[in-house]
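No hydrogens, no waters, no symmetry mates; every other heavy atom, side chains included, goes into these values. Chain letters run A, B, ... following the sequence lines, proteins first and then strands; every chain starts at 1.
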Amino acid sequence: MSGPDMRQIERETLLLWEHAFEPDPTLGEKFYLNVAYPYPSGAMHVGHGRTYIAPDVIARFWRMRGRTVLYPMAFHVTGAPVIGISKRISRGDQKAVSLYRDLYKVPPDVLAAFTDPLAIVRHFSDEYQRVMSECGISIDWRRRFTTVDPQYSRFIEWQWKHLREEGHVVKGAHPVRYCTQCDNPVGDHDLLEGEKAEILKFTLVMFRWNDALIPTATLRPETIYGVTNLWVNPDVTYVRVKVDGVIWIVSRQAAQKFTLQDHSVEILGELAGSSLIDQVVSHPLCGEIPILPARFVDPDMASGIVMSVPAHAPFDYIALRDLQSLGEYTGITPVPLITVPGYGTLPARDAVERAGIKNQDDPRMETLTQEVYSAEFGSGRLYEKYGGAPVKVARDAVAALMIRQYGSVPMYEFDTRSVICRCGGQVFVKILHDQWFLQYSDPAWKAQVSSLLEQMCLVPPEVRAEFERTVDWLKDWACTRKVGLGTRLPWDPAWLIEPLSDSTVYMAYYTIAHHLKSISPDLLTPEVFDYIFLGKETSSLPEREKLDAMRKEFLFWYPYDFRFSAKDLISNHLTFQLFHHVAIFPGALLPRGMVVFGMGLLNGAKMSSSKGNVFLLEDALHEFGADTVRMFLVGSAEPWQDFDWRNELVASTRRQIERFISTVEESHNATGIPDDLDGWLASRLQGHIARMTEALEHFQTRQALQEAFFGIESDLKWYRKRLPAGSDGSRYLWELCSVWVRLLAPVIPFTCEYLWKKLGNTDLVSFAPWPVPDPAAVDRKLELAEDLLSRTVEDIESIVKIIQMAPSAITIYTAPEWKRRVFVAVAAAENKGTVIKEIMKEEEMRKRGREVTDTVRQCTMLIHRLPPQIISQLIEEIPDEQAIFRKASGFLEKEFGVTVTVRDTGESMHAKAALALPFKPALVIE
RNA sequence: GCGAGGGUAUCUAAGCCAGGCCAAAAGAGCCGGACUUAAGAUCCGGUCACGAAGGUGUUCAUGGGUUCGAAUCCCAUCCCUCGCACCA
């Protein structure tokens, strides 16, 4: 049986759904959820699939529960990536072309148009919509927009006007990674090499040498008191340059760097490093010192000349020792200035000697330097004669002093060498001016976000800590760019608003996006948005009727209930959008919750388009069908867990759906009259409904599926096992299937629409009422009886298996009345220690002596092994086991193919019979 | 390095917060059987070890500790994932 043609069903169902999920405000309750919109620069893979399918399951669930559900979608087009992509494609870059042509399967004529960046996003946003629809995602596409639509830009301008008025936007200078070849700042993804390089702020300590200054860059300005010499690389050519009118001696590379860091630089001439050796320089804080040669000095690091503190810097110490071992400069002794626990007077010497370093070429020098550096920074103190301050404090104080009095200036430099742009050019640190910042560092703003977070529902709860940390840690964010697509800053149009800063309150835009399409962008002044979103009246508002409708619609949907996104966005986007919301919207309209997703793996490895390790969502749809893809993606792990796509696992998901289809279809054959067994099935079903509902209320899609799919399936398995031979079950199965199809509709909606119709319904299951557990259908006694039966069957099976003998007769001995009393007494006892005493108060029990104490012990063990729920039920009433087993004897005989007798323990002298306990009958198999 | 989360049987994964319901749910895979001309699907059984009576033994990253009792609590170590900013 291959089942119905799912692809055909999908096509037909999609027609039924056209315009079905386009909600307008109602009188009822709403549920508004949204997902971070995609940047459509490539094809969707199965990882994207889950990002949008999991919220769809939630959307469909609440829709069936009667809420008016809004699930909108748009496309984030702002930023620079597509510009780079289109450049690479027009340049004929093989890697880029092959990615788009071969992996994303873009047709040649479309690819040719990709020389226009907008063509890329247009193509892929259409693809996204098409594929999302094919997945059955119930999006209201009327509200679709892109972030470069003129209406959206007007909206962003409104948003930024408010941010500025609230004082959240400030101007400043900012050091950035900068490629001189591209003449642009570069981000991580623009780098060929050195992604992890951090920008460090050095202090240039200015030593005087004749008419010139020699700047040495240091991260430890406080060590100036211990400087014994400078190091210059004798093999390097240095330059004499005029910097801001003063003569400096630096490496050639450094001279170029200064031009990018707010200095005017004019090269006057060259001089060999060797010519500087043995020259004497001076600084007011350390006096006169010589220049010594050292090969470790890198001309491409900061100024290309360093100051030497052999007492505290292992590199300096070992370089000096190397020289002195050749008999040179033996007059120089290290000058200590910091005390640090765990080290002697000369920490650098201690570290070098402990590690047994031979010379300055030893590879361990880096870690050694780090070790001394951290120790001194963490617990070091300057000598009393230098003020006695902790290093932590002295560092900034001395730097400030030098800048104020001794001509020092800061210099920015990377902590690692070789930072290379994708274009192949070297990357430098440049100070950008007139940069605009969002002042996330503002404690008052942070406090507002923190208190909003406290009220918000975060799923899973573990992410709360990370959000709180992020709010604490956020610093000012450079929010404008010179290149890319986007909206211009209204008051400074030379700048574009950066992509992470123009995507923070668009959830409000969705509520009216479809109405805005019919309004000229020119009419969308800040006053118009003030009215729609804040209810602020202004005279002569245009299109008043439309605005009123929008105001009403906005207030219907807002605030949003849940925002969904992957966990990598916690530390930026998800937190940013909270900052922006509190800045603009009143308390009653602030976000209510967020759901954070895990990441996707493909066959155990990270999914990555550039490495080709992706499985395209569309391919998955074709190969497995939409419902299979959906069920796998939301069923293999909870949304916040990472999931792993493996084709062989997905294939078995498809079989599960096929099994479900045939079960429901075959329920037509069930024509029997419902009896107790159906009562049991119905009672169990109520539990499944309740638990699945609760799971979905908590976004636990996997748990929900376990409950509703496998839970019901395994009940049916037992049900069929229990049916008399030849029976297909009762009419109750129709009812069960009606519930079952609705429970699974959020997860596998195509299949369920199909089956819903087969069950004789004419409406859409997508809008059918969600099943509600019926307390009247719950029958604990029936459930307990079946439980006893199935446990007993398991026991018999396990015995039969072990004894490896074909049984000829089975006798079930139920426990005698007095044991039931003991059982209840033990189960109900507060104090298990004194329970025997209590029981022995009865004359009848005392007569039985040891038998009773043994039973107490056995009962205690049994009680520990049974679920508490069963125990509490047993305390209330021990079922009539005789009746249960007698009633099921036909079933038992069918199961084991032998006669099954049921007896009370008292009727037998058999040794085993004495083992009977309540809910654990003794079994004799012969 | 810093911040957050996590490591459970062949795999995915529940259990952990509230310690005894735990040899540890569920699914998958694998093995065996039934059905079938055969394959697939389906159904039945098995899947840590031992056991001719429903049990016993050893397991929940590693090593310690608390407790009558630990996958669950505490400490240390190792490993994995995400983030560390001008980038979507």
Side-chain angles (χ1 to χ4, degrees), chain A residues 1-3 36-39 41 76 78-82 174 176-177 185-190 196 198 370 374 432 435 437-438 440 460-470 472-481 484 498-501 503 566-573 576 596 598-599 601 604 606 635-638 640-644 646 648-653 655-656 658-659 662 702-703 705-707 709-711 713-714 717 720-721 791-792 794-805 862-871 912 915 920-925:
Chain A
M1 184 218 60
S2 63
Y37 48 22
Y39 185 80
S41 63
H76 196 203
T78 327
V82 281
H174 190 56
V176 296
R177 291 189 293 227
V186 286
D188 265 352
H189 57 282
D190 298 320
K196 289 180 82 185
E198 257 185 89
Q370 196 54 45
S374 310
L432 278 191
Q435 174 63 269
F437 291 88
L438 276 166
Y440 293 136
E462 291 80 41
V463 299
R464 187 172 291 278
E466 206 178 339
F467 272 106
E468 284 167 355
R469 286 289 311 168
T470 301
D472 262 3
W473 160 88
L474 271 182
K475 302 191 257 295
D476 292 352
W477 179 264
C479 58
T480 51
R481 298 286 176 276
E498 168 278 335
L500 282 179
S501 305
S503 53
K567 65 180 169 195
D568 52 347
L569 296 190
I570 293 178
S571 66
N572 48 55
H573 167 74
F576 288 3
V596 176
M599 317 296 284
L601 302 176
K606 206 187 283 183
S636 63
E638 298 292 5
W640 42 90
Q641 295 170 323
D642 295 348
F643 74 97
D644 190 6
R646 286 173 197 265
E648 56 298 356
L649 298 184
V650 182
S652 69
T653 302
R655 288 198 294 275
Q656 288 160 348
E658 282 166 5
R659 220 157 57 213
S662 55
R702 176 193 160 85
Q703 175 66 32
L705 205 56
Q706 291 273 336
E707 201 54 68
F709 189 85
F710 302 109
E713 198 178 50
S714 92
K717 199 166 149 185
R720 284 198 212 97
K721 194 171 177 169
R791 281 165 187 273
T792 307
E794 268 172 42
D795 278 355
I796 296 173
E797 278 170 350
S798 78
I799 295 167
V800 168
K801 199 182 75 194
I802 291 163
I803 62 177
Q804 289 174 359
M805 151 194 110
L862 178 60
I863 286 162
H864 266 150
R865 296 190 170 194
L866 290 170
Q869 204 244 321
I870 286 187
I871 297 299
K912 294 264 174 228
L915 293 174
K920 185 90 179 162
L923 302 168
V924 177
I925 297 170

Original post:
OP1, OP2 of rG55(B) versus side-chain N and O of Lys920(A): anything below 4.0 Å?
Top reply: yes

Original post:
Quick one: is rG29(B) close enough that its OP1 or OP2 comes under 4.0 Å of any side-chain N or O from Arg655(A)?
Top reply: yes

Original post:
Which nucleotide, rC82(B), rG29(B), rA88(B), lies nearest any side-chain atom of Lys567(A)?
Top reply: rC82(B)

Original post:
If you check the Ala465(A) side chain, which of rA13(B), rA4(B), rC87(B) turns out closest?
Top reply: rA4(B)

Subject >> Ile570(A) CD1 to rC84(B) P, straight-line distance once rounded to whole Å >> reply: 12 Å

**OP:** Would you mind telling me which residue lines up with the more 5' stretch of RNA chain B, Glu797(A) or Glu462(A), judged by nearest nucleotide?
**Re:** Glu462(A)

**OP:** Mind checking Ile925(A) for me? I need base, sugar-phosphate or nothing, with any heavy atom below 4.0 Å counting as a touch.
**Re:** base

Original post:
Which is true for Pro461(A) with a 4.0 Å heavy-atom rule: it touches a base, it touches only sugar-phosphate, or it touches nothing?
Top reply: nothing

Subject >> Pairing nucleotide - rC30(B), Watson-Crick or G-U, each distance under 3.5 Å >> reply: rG46(B)

Original post:
Heavy atoms under 4.0 Å, any strand shown: does Pro867(A) hit a base, just sugar-phosphate, or nothing?
Top reply: base

Original post:
Which one, rA28(B), rG83(B), rC87(B), comes nearest to the side chain of Pro81(A)?
Top reply: rC87(B)

Original post:
Who is the Watson-Crick or G-U wobble partner of rA38(B), with both distances under 3.5 Å?
Top reply: none

Subject >> Nucleotide opposite rA23(B) in a Watson-Crick or G-U pair, distances under 3.5 Å >> reply: none

Subject >> Watson-Crick or G-U wobble mate for rU59(B), both contacts under 3.5 Å >> reply: none

**OP:** Using a 4.0 Å heavy-atom cut-off across all strands, classify Leu569(A) as base, sugar-phosphate, or nothing.
**Re:** base

Original post:
Please give, in whole Å, the distance from rA14(B) P to Glu707(A) CD?
Top reply: 15 Å

Original post:
Across all strands, who's sitting opposite rG5(B) as a Watson-Crick or G-U wobble pair, both distances under 3.5 Å?
Top reply: rC80(B)

Subject >> Given RNA chain B, 5'-ward residue of the pair Val463(A) and Glu648(A), judged by closest heavy atom >> reply: Val463(A)

**OP:** Write down the partner of rA71(B) under the Watson-Crick or G-U wobble criteria, each distance required to be under 3.5 Å.
**Re:** none

Subject >> Distance test, side-chain N/O of Arg469(A) to OP1/OP2 of rA4(B), below 4.0 Å >> reply: no

**OP:** Give a yes/no answer on whether the side chain of Arg659(A) brings an N or O atom under 4.0 Å of OP1 or OP2 in rU42(B).
**Re:** yes

Subject >> Presence of Gln641(A) side-chain N/O under 4.0 Å of rA14(B) phosphate oxygens OP1/OP2 >> reply: yes

Original post:
To the nearest Å, how far apart are Phe576(A) CZ and rA88(B) P?
Top reply: 12 Å

**OP:** Could you work out which one of rG54(B), rG45(B), rA85(B) sits closest to the side chain of Lys717(A)?
**Re:** rG45(B)

**OP:** Just call it for Lys475(A): base, sugar-phosphate, or nothing, with non-hydrogen atoms closer than 4.0 Å on any strand.
**Re:** base

Original post:
Do the side chain of Asn572(A) and the base of rA88(B) come within less than 3.5 angstrom through a donor-acceptor pair of N or O atoms?
Top reply: yes

Original post:
Under 3.5 Å, is there a donor-acceptor pair between the Glu466(A) and Ser571(A) side chains?
Top reply: no

Original post:
When you check the phosphate oxygens OP1 and OP2 of rC82(B), does a side-chain N or O of Lys606(A) lie under 4.0 Å from one of them?
Top reply: yes

**OP:** Select base, sugar-phosphate, or nothing to describe what Val800(A) touches, counting heavy atoms under 4.0 Å on all strands.
**Re:** nothing

Subject >> For rA85(B), the Watson-Crick or wobble counterpart (both distances under 3.5 Å) >> reply: none

**OP:** Report the base-pairing partner of rG54(B) (Watson-Crick or G-U wobble, both distances below 3.5 angstrom), or none.
**Re:** none

Original post:
For Ala36(A), which contact category applies under a 4.0 Å heavy-atom criterion: base, sugar-phosphate, or nothing?
Top reply: nothing

